[in-house]
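Report on the following structure.
Computed over heavy atoms, backbone and side chain alike; hydrogens, waters and symmetry mates excluded. Residues take their numbers from the sequence shown, with the count starting at 1. Atoms within each ligand, like the ligands themselves, are counted from 1 in listed order.
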Amino acid sequence: MSNESLANLLREERRFAPPADLAAAANVTAEAYEQAKADRLGFWAEQARRLTWAAEPTETLDWSNPPFAKWFADGKLNVAYNCVDRHVENGLGDRVAIHFEGEPGDSRSLTYADLQREVAKAANALTELGVQAGDRVAIYLPMIPEAVVAMLACARIGAPHSVVFGGFSADALATRIQDADARVVITSDGGYRRGKPSALKPAVDEALTRPGTENVRSVLVVRRTGQETAWHEGRDVWWHELVDRQSEQHTPEAFGAEHPLFILYTSGTTGKPKGILHTTGGYLTQVAYTHHAVFDLKPESDVYWCTADVGWVTGHSYIVYGPLANGATEVLYEGTPDTPHQGRWWEIVQKYGVTIFYTAPTAIRACMKWGDDIPAKFDLSSLRVLGSVGEPINPEAWVWYRRNIGADRTPVVDTWWQTETGGIMISPLPGVTETKPGSAQVPLPGIAATVVDDEAREVPDGAGGYLVLTEPWPSMLRTIWGDDQRYLDTYWARFGPGQSATGVAWRYFAGDGAKKDDDGDIWLLGRVDDVMLVSGHNISTTEVESALVSHPKVAEAAVVGATDPQTTQAICAFVILRGSASESEGLVEELRAHVAKALGPIAKPKRILPVAELPKTRSGKIMRRLLRDVAENRALGDVTTLTDSSVMELIQSKLPTASED
Ligand code: 6R9
C-alpha cells in the first residue's frame, strides 16, 4: 500500500464495523455491558462458573480492608486441574494444547492428555525435591513446552512461581531470586535465539554465587540445546533424569482462591523491581473470561497464537492460564520473527492455520519496515481476529496490521492492561465494537475505568488526564511481594481517599496518561513519567512518536523530554529510518516540520537523531529513561532489563554532542 493511500484510509475510514459473520456468532454481545453494569459482582460470580471449583465460592468480593481485595475467598480450586485435567475428563484428551515450533525448525505437538502426564510428572519431581505449597520456585527458561509444564506443575502443588525472562542477566535473576527467597530454580542448558544456541545455565550459576540466594537447594535443568554445561553435583539435576522417571499420576490438591499463584517482577522506572503478586480464583476467572471474550475464542476450531514470552505477564495470562483454562489449541514459538527469514511468523501462521494472533506494536512496526511483500507470500486466510498489546499502537501500524495481515477483514483488538491488572481491562470486543485505529476504546464488561484530572475529577469527553480504575477487579494484584506499604503508595495513594475532590472512593492509578475522545472512547498516551513539559504545555511522547512514524521515511521513533534552560524540557527524538531513506540535513528539517503540521509548533522536536536501534525491554517497550540519560549526557541507569544492552553503546556513539546547541 502506498503511503498516500494509507493516509487517505486513515482520514476517511477511522471506523471499522465488525464483520457480519463474526458479529452474528460472537461469544459476547453488547448486552454483557448492560448486565455487568447492573450487577457487577453478579457478573463476575457468573464468570467464575467457567472454572471447576472443588468448593464453590459463596462470596464474590471482600473489599472490607481496601486496597487489599479478596475475591471468591471461600472457594477452593486447583489451577492446573482447571487448565489441564478437566479437559481430559471432558473427553478432550486428544485435542492439541500446544503446537511447539522450535527456532531451528523442530516441532512437536502436545495434546491435553500429554500435558496432563507431563505436568503430573513435573509436580511429582518438584515434590521429590522437597518443594511444598507456599515455597517459591524461580523459572528461567526459553520458550519451550517445559516452561509451560513447569509453571503448571508449580500451580498444581501450590508453589508460587517467579518466571524470569530468559534474556535477563545474572544480576536481574539474582535480585529476583533474593527478593522471592526462591528454593528451586528451573532452567535449561540454553535455547535457540537468532539461529544459534544461547546459554542460560551459566547465568543461574553466577546468580547463585550472590548473597541471599543460599536457600536455593536444587537447580532443575532441561536439556534443550545439548551445549556444554557446568555442573554442581548435589545441587543440579537434569529434568530428563528426574522428571521422566516420575509417576504419571498426581492428585491435585485444592487451594483457597487467595492462595498465591505467582510473583512477576516489573522493572519500574526507578528503584528495585516490584514483585507483583497474583492469586488463583479471581485471576483465573478474569483471564479465562477475557481470553474468551476479547478474542472470541471458539476452542473447538480456533488455533490461537500469542507471540509474547512467558517471562512477560502476557505470556502468563494469554499463553498459559487463559488459553489453557479455556481448552484452546495454541502455538508456542521459541525464536525471533526474522529467523531464518523475515517471513517466519507468517510461515507458522500458514503451517498451523492460526486463526487468532496476538502481538505487540513494536513487532508490527518491524514487519512494516521489512515490507508488505513478505506477508503477501503466505496464506494468512485462516486469521479472523488480531490483537495488540504492550504499548499504544499508532494508527498507521494498526491499519497496516489489519490490511496486510488481516486481509482488510479481521477486527484488530487493542488491549490495554498491565502486569498489575493481571488480565485485559480495556479493549474493543471483536463482534461488538466498531473499532478505531489507535484507541483501546472501552473498559470490558465488569471493569470500571475512567480518566481524571489532577484533583481526581473525571474529565469530560474530549479531554485528557490520568487513567484510573474505579472498582476492584478479580485479577488485580493483591500486593507487592513483601511490601504492602509500597503497594499502597504506588497504586492507591495518588487518587485514593482523601486525595479526591469528589468523595472517598479508592481509585487505582495506572501510571498511564490517557484522553477521552468526543465519543468517550479511551486513547492511551503512555506512562505519565514520560509526559514532557515544554514551555508550560504537557506533551505526550506517544503523540509525537505517532506523528513521526506517520512520515513515510520513519519506521520507529522514541521521544523524550531533555532538561532545557529555556523551555523546561526540550523534545528530543530518536528515529529509525526505513530501509531506503538516508540521513540528511534536509530530512531532519522535514521531520520537524511534519510533526509541527500534525500536532502544532509546540510539539516540534528540538533535536532528531537517526539511530539504528532503540533500547527495548523484553516486552518490546522502549526504555525512554535510558534515552533521557543519553539526551541529558548522564551516565546510564540500570540496563539489566534491556534485551540487548549493546544498543545503548551504539546510540551513545552517535551522540557525543548530546548537550550541544
Ligand atoms: C500487558 C503489559 C503495562 C504498560 C501499561 C501501558 C502499556 C500495555 C497497552 C499499553 C497502550 C495498550 N500498555 N498495553 N499502552 N495501549 N494496548 O504490557 O503489561 O508489561 O506490565 O506493561 O504497558 O503503559 O501501563 P506490562
Open item on the list: Under a 4.0 angstrom heavy-atom cut-off, which atoms of ligand 1 come close to Val313?
Closed with: 1 (C), 19 (O)

Open item on the list: Out of all atoms in ligand 1, which are within 4.0 Å of some heavy atom of Val389? Include the element for each.
Closed with: 1 (C), 14 (N)

Open item on the list: Can you name the atoms of ligand 1, numbered from 1 with element, that are less than 4.0 Å from a heavy atom of Trp312?
Closed with: 2 (C), 18 (O), 19 (O), 20 (O), 26 (P)

- [ ] Select the closest option to atom 24 (O) of ligand 1 among Ile426, Asp512, Val413, judged by heavy-atom distance.
- [x] Asp512

Open item on the list: Suppose we screen for salt bridge (charged side-chain N to carboxylate O under 4.0 Å, His left out). Which residues come up paired with Asp519, at least two apart in sequence or across chains?
Closed with: Arg15, Lys436

Open item on the list: Is the distance from the ring center of Phe68 to that of Tyr487 below 6.0 Å?
Closed with: yes

Task: Set of salt bridge (charged side-chain N to carboxylate O under 4.0 Å, His left out) partners for Asp483, sequence neighbours left out - done: none

TODO: Could you tell me how the ring of His292 sits relative to the ring of Tyr289: parallel (under 30°), tilted (30 to 60°) or perpendicular (over 60°)?
DONE: tilted

Open item on the list: Out of Ala514, Gly390, Gly511, Gly423, who is nearest to atom 8 (C) of ligand 1 when you count heavy atoms only?
Closed with: Gly390

- [ ] Under 4.0 Å from a heavy atom of Leu524: give me the atoms of ligand 1 that qualify, with their elements.
- [x] 11 (C)

Task: For Glu420 against Trp473, the heavy-atom pair lying closest together - done: O-CZ2, 4.3 Å

Open item on the list: Taking the ring centre of each residue, are Trp492 and Phe509 less than 6.0 Å apart?
Closed with: no

Open item on the list: Heavy-atom pairs closer than 4.0 Å: do any link ligand 1 to the side chain of Thr415, the backbone, both, or neither?
Closed with: backbone

TODO: Report the residue from Trp417, Trp305, Tyr304, Phe357 that forms a ring-ring contact (aromatic ring centres under 6.0 Å, His included) with Tyr318.
DONE: Trp417

TODO: Please could you name the atoms of ligand 1 that Asp414 approaches to less than 4.0 Å, counting only its heavy atoms?
DONE: 12 (C), 16 (N), 17 (N)

TODO: Below 4.0 angstrom from a heavy atom of Thr419, which ligand 1 atoms are there? Numbered from 1 as shown, please.
DONE: 19 (O), 20 (O), 21 (O), 26 (P)

Open item on the list: Any nitrogen or oxygen of Arg527, side chain or backbone, less than 3.5 Å from one on ligand 1?
Closed with: yes

Task: Atoms of ligand 1, numbered as shown, that sit under 4.0 Å from any heavy atom of Thr314 - done: 1 (C)

Task: Whether Tyr283 and Phe262 hold their rings parallel, tilted or perpendicular, with breakpoints at 30° and 60° - done: perpendicular

Task: Which segment of Pro392 sits under 4.0 Å of ligand 1 when only heavy atoms are counted - done: both

